[in-house]
Amino acid sequence: MMKFKTLLVVASLLIFFTGCATRNSGNLYYWNGSYETSMYKYLNDDQDFSQQISAMEKSAQKIYETNKKAPPGFYAHLGLLYMNQGNMAQADKNFNKEVKNFPESQAYIAFLRSSKSKRKIK
Amino acid sequence: MKKHYILILFMVVFFAGCVQNQPVYDYSNLQQTKPKSILIVMPTNDSMEIKGSAAILSNAVKPLSELGYYVFPVALVNDTFKHNGITEAFDIHQISLHKLKDIFGADAVLYINVQEYGSNYVVVNTSVKISVDAKLVDINSGNILWQKSQTTVENSSGNNGDLLSMVVSAVVSQVLNSVTDNAYELSKIADAQLFAPNCNDCLLFGPYSPYYNQDKQLNLD
């Protein structure tokens, strides 16, 4: 009887701590600095979009593999980077992902796609 | 037995006194509006470091998102203003809430001002100081939902026992790329402190957070 109880406790602890391990240290979203750094660079007129895209795509891959959530604005920002490279297909794909993940972005993304906003490529 | 009663009485009086001394922050506007999405626009900047605005803006995204709000993509938003000929933060802050709502559909707008940002040369030991104040405004009524001022300092010498200094030292020791300014790493801490949860005048958790409506400062009543 004692052995079973102990086993149950150990099993519960294992499940509990495994659950802890799979969370991104208690965060809602996946962060590894690529998004934050890219925003900062972009706002400072850094033109190295390839490098920023590469870093963020690596994060996107991690997000996909580990089944975590991309932060608010992550895909929209990636779409912006692709737009600056003239890659409209990838830009569109990422804007769609943003809207899918966060319906709050829908109005703004729709505005960007409408005739109201004429986007100029840098 | 009597000893225990006195001790318990003392503790009750002591802690009751603690609670009463704190002025309770008025969250009524914020709790009434319950914003889900926040539009952060380029901060105005009174400091000598031009890059301070971009640093504070880009590092505000993580803490606000983790609090449980949808945060609009700040670079994309800034570009939208640029493409409409509005490049200065001061001018961005003058745009009507009605127009912002039209374009973005956000629930609230966050206006940040950077008062101080960078190294302080006046003091004997070089210290890095960031002072910011933030104001969250309801996009429909224009009411202030929340506001806060925050100063974050890093001293280069002494204060080795201070936890903040230790954390900052660890952060600063990371490799900085050519685009960062000397206070960039500190801006991450400044924003984390400004948008921290569970304190008397802290911003409340947003709807995406599992702690929504469970803020510690609300449960003191």
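Residue numbers start from 1 in every chain, and the chains themselves are labelled A, B, ... in the order their sequence lines are given, proteins ahead of strands.
At a 4.5 Å heavy-atom cutoff, A:Y75 makes no contact with chain B through either its backbone or its side chain. Residue B:L64 does not touch chain A at all, counting heavy-atom pairs closer than 4.5 Å. For A:E98, the part lying near chain B is the side chain, with the backbone staying farther off; criterion is any non-hydrogen pair under 4.5 Å.
The neighbour count for A:K62 NZ, taken as heavy atoms of other residues, nucleotides or ligands under 6.0 Å away, does not exceed 12. Applying the 6.0 Å contact sphere to CD of B:Q31 captures more than 12 heavy atoms from other residues, nucleotides or ligands. Other residues, nucleotides and ligands contribute only 12 or fewer heavy atoms inside 6.0 Å of the NZ atom of B:K101. Within 6.0 Å of OH in B:Y212 there are more than 12 heavy atoms belonging to other residues, nucleotides or ligands. Counting heavy atoms of neighbouring residues, nucleotides and ligands inside a 6.0 Å radius, atom NZ of B:K135 does not exceed 12 of them. A 6.0 Å sphere centred on CD of B:Q214 holds more than 12 heavy atoms belonging to other residues, nucleotides or ligands.
A:Y108 OH to B:L39 CG: the interatomic distance, rounded to the nearest 0.5 Å, is 8.5 Å. A distance of 11.5 Å separates CG of B:L76 from CG of A:L78, quoted to the nearest 0.5 Å. Atom-to-atom distance recorded for B:K62:NZ and A:Y29:OH is 13.0 Å, nearest 0.5 angstrom.
Among all heavy-atom pairs drawn from B:T80 and A:F111, the shortest one is CG2-CE2, 4.0 Å. The minimum heavy-atom distance between B:K82 and A:D45, with the atom names listed, is NZ-OD1, 3.3 Å. Summarising the geometry of B:S58 relative to A:L43, their closest heavy-atom pair is CB-CD1, 4.4 Å, with the distance given to 0.1 Å. Closest non-hydrogen pair, A:N44 versus B:K51, comes out as OD1-CG, 3.4 Å.
With a 4.5 Å cut-off on side-chain heavy atoms, B:N59 and A:E36 count as touching. For the pair A:M39/B:L57, no side-chain contact is recorded, criterion being any heavy-atom separation below 4.5 Å from C-beta on.
Chain A forms the most heavy-atom pairs under 4.5 Å with one residue out of B:G105, B:P210, B:S37, B:S65, and that residue is B:S65.
Using a 30° and 60° split on the angle between ring planes, A:Y40 and B:Y184 fall in the tilted class, from 30° to 60°. Ring geometry for A:F102 against B:Y208 counts as perpendicular: the plane angle is over 60°, on a 0 to 90° scale with 30° as the lower cut.
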I would like to know whether B:N78 and A:Y42 meet side-chain hydrogen bond (donor to acceptor under 3.5 Å, both in side chains); could you show each step before the answer?
-> CA-CA 10 Å; B:N78 198 56; A:Y42 192 94; over 6 Å; no
